[in-house]
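Before any comments, here is the structure.
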Number of protein chains: 2
Amino acid sequence: MEKAILIKSTSTWAPVRANSVANQIVLQVREALFEGRFLPGDRLGSEKDLAAQFDVSRITVRDALRTLETMGIVEIRVGASGGARIAQGNLDHYSDALSIQFRLSGITGTEMLDLQIAIEGAAVELAATNRNPTDLEKLSNLLEEAEGLLGDPAGFTQSGQKFHLAVVEASGNRAFIAQFNGLRHVVWPKNGKRAKREIASHALKIHKNIYCAIREGDREVARKLMIIHLESIRTMIFSKNSKKATSGPVCC
Amino acid sequence: MEKAILIKSTSTWAPVRANSVANQIVLQVREALFEGRFLPGDRLGSEKDLAAQFDVSRITVRDALRTLETMGIVEIRVGASGGARIAQGNLDHYSDALSIQFRLSGITGTEMLDLQIAIEGAAVELAATNRNPTDLEKLSNLLEEAEGLLGDPAGFTQSGQKFHLAVVEASGNRAFIAQFNGLRHVVWPKNGKRAKREIASHALKIHKNIYCAIREGDREVARKLMIIHLESIRTMIFSKNSKKATSGPVCC
DNA sequence: TTTATATAATGATATAACAATTAAACATTA
DNA sequence: TAATGTTTAATTGTTATATCATTATATAAA
């Protein structure tokens, strides 16, 4: 590939933001991906190869590859027959971007919680329709686990979060799962409050009811229970003093 | 800053490059951001500064900055008093990540549509609660606009999409808006089908009903109408031959 | 066949240099 | 004085050249 090809788009009248050569490479690869000229697993070549192909230095290629890697478009392997390849999708990249940008944008906790309620409410409906024996067993096991953790606030909270994740997973919809994971880490701070015994006991009861609704395939009930459940969590987090907005959920 | 400090946070994860010095820098900055030690606009310093601070070469710092820049965490300006700064939130980064990862992951159109239905269903509920006169006027204007475009399939489709966006905006929840925008470009391909007159007419009627429900503050009805509406779109897109999965929506 | 070792490919990092860009300081002019 | 060029210094962008660390693969030995 000729250097001229890269430079050409710079020459058209001074774009406010002149694109660096590295950026041109990023754009080319990205465009190729979206036009279907690349598929996951396709090898792009080593840094040396690419530097020769684009007629730029290795460092410049590295700049471009670092960007593409961070975007999740390429994966880089070291060693013989290593180099850059088109990546398999990794939804963690998406979840990452979500948490970073929501944080930088100053989106509030209530806004994110509303979104999470929408996600989980819809996910549990789907779960009630699509659940399979494996899902149900997993959910059931988590309920048992939680039962044994009623006296362990931290443990119960963690187990409860796993239950919510399992519900979303039972929906069988990867878009929901990715979305849930992204929100999870932003909405629930690391050191959330711990559930006192009576609250934990109440939460477990609701979880059990949700499980039953999923098992019976009752979409409506499942959704209503989930939403009431999450709304009550919202009340506990965001009630009274706004200080609490930064502390974690009370039960799950 | 000592080099030793960099190595400490090697802990979790173990992607190939996790131990690279550049990644340590990325992790440190990222961590600082999430702990609130950085705010948008804060200056991190020039490449030279940072190289000295971290006791690494400029190349390594550049690697880290390129990653942070792509993540949307820092903005880099060239020239005097340039350098790296903590970025303002830019939800386009998020939408970008969504489209890239959903594409690479092979998430299907139906999965994404389910997510979009969840978003819009919840958003319209919020809109019915939070709507203000400005929102209502905007929605009303769009309905008028659509009325005049019944005979123009492409125009009507575009106007219809603006209506959906306006509904989500009326929710007043930026998380919903960001999510909607991200999905929009992936779910609705560029050249969607055009609505024939009778279908357009039907869609407009539903839009009007949704508008009324929002205006009257009737969350339940607004939600039900929106979901029925989107489900019917799903049927039109994904019915019969699976080929249609790649073509756009019929009305909006 | 399995395991250990050597080798080559490749990325990671460092150093040095120059080009291109930009904001700010400075000088000039109406 | 206020607007407008001009210079300057700081900063990123790019290139070139080495060296080190890591990894896959080929090779040899058990």
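Below, chains carry the letters A, B, ... as their sequence lines are ordered, and counting in each starts from 1. This is a predicted model, so every value here is computed, not measured.
The 5' end of DNA chain D is approached more closely, in terms of each residue's nearest nucleotide, by B/Ser46 than by the other of B/Ser46 and B/Ile59.
Between the CG atom of B/Leu65 and the P atom of D/dT12 there is a distance of 8 Å, given to the nearest Å. A/Lys48 places its NZ atom 14 Å from the P atom of D/dA18, with the value rounded to the nearest Å. In this structure, the CG atom of B/Asp63 is 7 Å from the P atom of C/dT13, given to the nearest Å.
Closest to the side chain of B/Arg58, from the set C/dA12, C/dT13, D/dT14, is D/dT14.
Between A/Arg66 and the phosphate of C/dA12, there is a side-chain N or O to OP1/OP2 separation shorter than 4.0 Å. When the side-chain nitrogen and oxygen atoms of B/Thr60 are compared with OP1 and OP2 of C/dA14, one or more of them lie within a distance under 4.0 Å.
Minimum heavy-atom separation, A/Ala87 to A/Glu75: CB-CG, 3.6 Å.
A/Tyr211 has its ring centre no less than 6.0 Å from the ring centre of A/Phe163.
Contact annotation for B/Arg43: backbone-only contact, meaning every heavy-atom pair under 4.0 Å involves sugar-phosphate atoms and none involves a base.
Of the possible donor and acceptor atoms, one in the side chain of B/Thr67 sits under 3.5 Å from a partner among the backbone N and O of B/Asp63.
Side-chain contact check for B/Ile76 versus B/Arg66: some heavy-atom pair is nearer than 4.5 Å.
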Report each atom pair, protein N/O against N/O of nucleotides 24-28 of chain D, whose distance is under 3.5 angstrom.
unit_1, atom_1, unit_2, atom_2, d
D/dA24, O4', A/Ala80, O, 3.4
D/dA24, O3', A/Ser81, OG, 3.3
D/dT25, OP1, A/Ser81, OG, 3.4

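With rounding to the nearest 0.5 Å, the separation of CE in A/Met112 from CD1 in A/Ile117 is 12.5 Å.
Other residues, nucleotides and ligands contribute only 12 or fewer heavy atoms inside 6.0 Å of the CD atom of A/Glu137.
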